[in-house]
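Notes follow once the structure below has been shown.
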Amino acid sequence: MSEVCIVGYGIVSALGLNKDENLSALINEQTGIKAIKILNTVHKNNFVAGEIHKTNKELAEIADIKNFDEYSRTSLLAIIAAKEAVKISGVNLKDNIKTAFVSATTVGGMDKTELYHNSATPQTNNSFVISDYLNDHTEKVCKILGIKHFATTISTACSSSANAIMLGARLIKSGKYKRVIVGGADALSRFTFNGFNSLMILDKQLCQPFDENRRGLNLGEGAAYLVLEEKNTAKENNRTIYGKVLSYANANDAYHQTASSPNGEGATLAMTQAINNANLRTSDIDYINVHGTGTPNNDDSEGTAIKNIFGDNPPKFSSTKAYTGHTLAAAGAIEAVFSIFSINNGIIFPNLNLKTPIKKFSFSAEKNLIRNLEINTVISNSFGFGGNNTSIIYSK
Amino acid sequence: MDLYINGISAISPQKTFKQDNFLTEPVNYTDKILKCINPDYKQYINPRQLRRMSNVIRMGITTAKDALQQAENPEIDGIITGTGIGCETDTEKFLKSIDENNESLLTPTAFIQSTHNTVGSQIALMLNCKKYNMNYVNKVGAFESALLDAELLFNDGVKNILVGGLDEMTTKYHYLRYLLDFWKKETINSLKLFDTKTKATIAGEGAVYALLSNQKSKNTLAKYIAATSFINLDNTELNNELNEFLKNNNLTPDDISVFIGGNTGDVEADKQIDLVYNNNFPDAVYVKYKHLTGEYDTSSAFAFWLAANIIKRQEIPDVVNFSNKKSSKIKYVLIYNYHYYFKNNHNFILLSDA
């Protein structure tokens with residue numbers, strides 16, 4: 001039975017523009033959530049976010065793109081992360097192995113679209129309209145990397161890139177492809193900002209996931225990609241294997257369009273199925289990177305799911321969203337990279353800003369950075385609007 | 001693995017929803033946008049919920065329910081949807097309110113419903129389905145991605161999957177692309193789309209959901225065999241991939257009795273489809289459909305509905321038949337769609353009789 005190996009990864013987030021900067025910030029317990037500088041919103045001074053303090057022009061320079069104003073911010077982030085992933089993997093995409101590409105986003109090039117959409121003088125520069133499409137960034141990355149054959153884009157709100165990783169793994173396990181690049185990207189936009197604000201689930205201060213007094217989430221932006229290869233292909237090419245995608249599951253809450261069910265049903269199903277699909281016992285899980293947005297609803301629902309499955313003594317868990325903010329579609333992939341960091345470095349990154357653990361649970365998220373651990377198996381959760389719940393298990 | 005289409009439902013600009021007749025009364029349009037003929041949605045959706053739903057959500061829920069009903073309501077193991085622009089009406093509504101209210105005191109309804117996976121999740125809610133639920137947004141390859149995903153699920157042992165492709169067309173969306181020459185400038189009769197010798201095409205919309213099953217039943221219309229999607233290939237590579245795709249399914253080009261092309265009436269872009277047809281399937285019946293539906297990202301879902309019905313009824317409606325041929329026994333049908341404006345995304349779907 002083929003195994004899905006992670007042979008490369010790339011990431012850009014509020015913590016840094018590449019994997020080293022991200023790992024460094026995580027270890028130094030340095031949050032990336034801060035004042036909003038780039039996004040032009042009236043709410044700028046009232047909120048904090050995991051914004052990347054680089055203009056599109058600066059991002060384009062990093063991405064080595066000349067005509068930056070033809071690219072949406074989401075595309076630029078995707079290109080930076082995808083390029084890093086391929087570079088780290090050492091893969092030559094011109095070799096004779098067919099490579100598929102699965103990306104994900106929630107709003108795509110909305111950062112560009114919203115600039116012109118209601119303008120009295122409609123934009124006739126077609127880059128605006130083209131970046132409207134959710135798969136625009138997918139096509140741009142494929143063009144730049146030289147990917148042909150199958151490329152697709154998933155959009156299931158906050159679980160999007162986790163689902164992209166899952167599809168990539170399934171394509172490899174089915175034997176259809178020996179190599180798939182997977183991940184996702186989302187840039188901040190007024191659309192998203194105002195959308196979440198209208199739902200009243202934004203925290204004006206630094207968010208406090210899994211805290212009794214949490215107020216909501218902080219938004220973030222970013223992109224991350226993994227290069228997945230089937231095990232024999234990885235070995236034949238002497239790749240460094242950073243981890244494996246061991247198993248995965250997707251389940252639907254079928255409860256409400258945006259709220260998660262209070263009994264954590266969808267989350268329970270997703271985690272349970274992922275554990276069963278891996279032929280593991282609950283005691284085999286070393287760490288959970290929770291979805292942990294910091295909203296009253298999510299953390300309650302997810303905490304309940306953890307209790308349903310693991311009882312009162314779950315594995316160590318933490319939310320890294322207090323570092324990056326909620327990066328929406330990119331979250332699953334960004335947190336996949338963080339899971340790989342945990343596995344390779346034996347470190348559990350803290351759930352920042354935790355003061356009072358949620359009272360109804362007998363367990364709490366990890367407040368402190370913990371080193372020198374044997375971390376072999378990590379569950380990463382991503383739960384999206386529309387009750388879309390995905391859990392992925394990464395292993396050594 | 002053999003997969004069966006046990007129910008399939010289409011809402012389109014034609015009389016396709018719950019009709020006994022098969023495109024015997026084609027509807028002609030001179031409008032800029034071919035809008036769907038809407039059924040009485042109250043029969044499928046609670047009026048209180050209906051009120052808030054944009055048309056794409058209504059179309060999706062209704063065709064999903066109808067497809068399920070046709071298949072006698074099996075328990076489903078998943079819902080997979082493809083959409084190009086998702087809930088565009090709600091997206092525009094929210095964008096407008098942001099500007100009009102200067103980002104203040106906004107109501108969340110439009111935002112909530114604007115997420116592209118709203119249709120799939122609303123269907124899950126209606127059916128109380130807690131199983132796999134996925135949503136593809138890959139423009140012209142979105143529906144094919146959904147089919148591919150379904151194939152993978154069936155390999156893992158599921159029994160019934162609801163697969164759909166849908167898009168709505170809005171005035172605003174249409175207008176912004178009008179400025180970029182996406183659409184024909186002259187007024188035309190939609191049914192005569194392929195007589196126009198100009199570039200660009202006409203806009204449309206539609207929704208199709210199908211119930212795919214690993215078991216044949218008395219309701220089976222056709223077999224779904226496979227789908228594939230490519231980007232960035234030149235014509236030589238495309239030809240090789242196409243032949244390999246057929247070979248992997250134990251077929252040669254000669255086996256194809258009906259070729260359904262996603263011709264748009266764009267005189268330049270259609271050359272590509274003609275090329276693939278002439279090079280590989282010159283003896284197949286040449287079927288076209290976008291003069292019935294207009295162009296939109298997931299129109300190949302309509303082609304899928306068309307193919308399933310052609311196979312079931314063993315007849316090709318005159319209005320879609322663009323060759324002087326008839327086919328005696330219709331066994332294998334190949335759908336080819338590619339993006340006429342971006343010219344980079346080639347998609348194939350293969351069906352056969354059951």
Side-chain angles (χ1 to χ4, degrees), chain A residues 41-43 105-106 108 113-114 116-118 122-124 126 129-130 132-135 138-139 142-143 146-157 163 167 170-171 174 176 190-191 193-200 250-258 265-266 269 384-388, chain B residues 79 84-86 91-92 94-96 98-100 102-104 106-108 111-118 120-122 124-125 127-139 141-142 145 148-149 151-152 155-156 172 175-177 179-180 228-233 237 241 342 344-345:
Chain A
T41 164
V42 306
H43 304 292
T105 186
T106 59
T113 306
E114 64 191 11
Y116 78 87
H117 207 262
N118 295 309
Q123 181 57 254
T124 49
N126 71 0
V129 158
I130 286 166
D132 216 20
Y133 294 101
L134 290 205
N135 79 328
T138 308
E139 292 193 354
C142 285
K143 198 78 198 245
I147 290 174
K148 305 177 174 205
H149 307 109
F150 182 63
T152 194
T153 317
I154 289 177
S155 191
T156 54
N163 286 331
L167 181 69
R170 289 163 65 215
L171 283 169
S174 72
K176 278 192 185 317
R190 283 157 86 234
F191 185 87
F193 206 92
N194 285 287
F196 277 80
N197 197 28
S198 73
L199 285 167
M200 301 201 289
N250 171 272
N252 201 286
D253 237 6
Y255 172 76
H256 183 271
Q257 186 59 29
T258 50
E265 186 162 14
L269 286 169
F385 282 174
N388 200 295
Chain B
I79 300 167
I85 65 177
T91 303
E92 289 174 8
F94 196 69
L95 267 171
K96 195 156 177 234
I98 291 175
D99 282 340
E100 283 179 350
N102 197 26
E103 303 187 65
S104 304
L106 304 168
T107 44
F111 175 71
I112 293 168
Q113 295 190 158
S114 72
T115 32
H116 281 60
N117 65 322
T118 296
S121 40
Q122 285 288 314
L125 266 170
L127 301 176
N128 197 33
C129 178
K130 299 183 163 58
K131 305 280 177 67
Y132 185 81
N133 196 306
M134 203 49 57
N135 188 58
Y136 292 92
V137 293
N138 209 60
K139 213 153 66 225
S145 297
L148 266 163
D149 188 348
E151 269 180 62
L152 292 176
N155 284 338
D156 289 338
K172 184 89 191 234
Y175 174 64
L176 290 169
R177 279 151 190 77
L179 296 173
L180 298 174
T228 192
S229 182
F230 305 109
I231 51 161
N232 299 336
L233 296 183
E237 290 166 326
E241 291 292 346
F342 299 106
N344 66 346
N345 194 332

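In what follows, chains carry the letters A, B, and so on, assigned in the order in which the sequence lines appear, proteins first and then strands, with residues in each chain numbered from 1.
If you measure heavy-atom distances from A/T41 to chain B, the contacts under 4.5 Å come from both the backbone and the side chain. With a 4.5 angstrom heavy-atom cutoff, A/L269 touches chain B only via side-chain atoms. Using a 4.5 Å cut-off between heavy atoms, A/F385 touches chain B through backbone and side chain atoms alike. Heavy-atom distances place both the backbone and the side chain of A/K143 under 4.5 Å from chain B. The parts of A/N194 that come within reach of chain B are both its backbone and its side chain, each placing non-hydrogen atoms under 4.5 angstrom from that chain.
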Original post:
Could you walk me through whether B/L180 and A/I130 pass the side-chain contact (heavy atoms from CB on, under 4.5 Å) check?
Top reply: CA-CA 10 Å; B/L180 298 174; A/I130 286 166; 5.8 Å; no
**OP:** Please test A/Q257 against B/Q113 for side-chain contact (heavy atoms from CB on, under 4.5 Å), starting from the C-alpha separation and ending with a verdict.
**Re:** CA-CA 8 Å; A/Q257 186 59 29; B/Q113 295 190 158; 5.6 Å; no
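Applying the side-chain contact (heavy atoms from CB on, under 4.5 Å) test to B/N128 and every residue at least two apart in sequence or in another chain returns A/A254, B/K130. Residues that satisfy the ring pair (Phe, Tyr, Trp, His ring centres under 6.0 Å) test with A/F191, not counting sequence neighbours, are B/F94, B/F111.
Between A/I147 and B/N232, every side-chain heavy-atom pair lies at or beyond the 4.5 Å cut-off. Counting heavy atoms from C-beta on, the side chains of B/E151 and A/K176 come closer than 4.5 Å.
For the side chain to side chain contact (heavy atoms under 4.5 Å, CB included) with B/Y136, the lone residue among A/T156, A/T152, A/L134 that qualifies is A/T152.
To the nearest 0.5 angstrom, B/I98 atom CD1 is 11.5 Å from A/F193 atom CZ.
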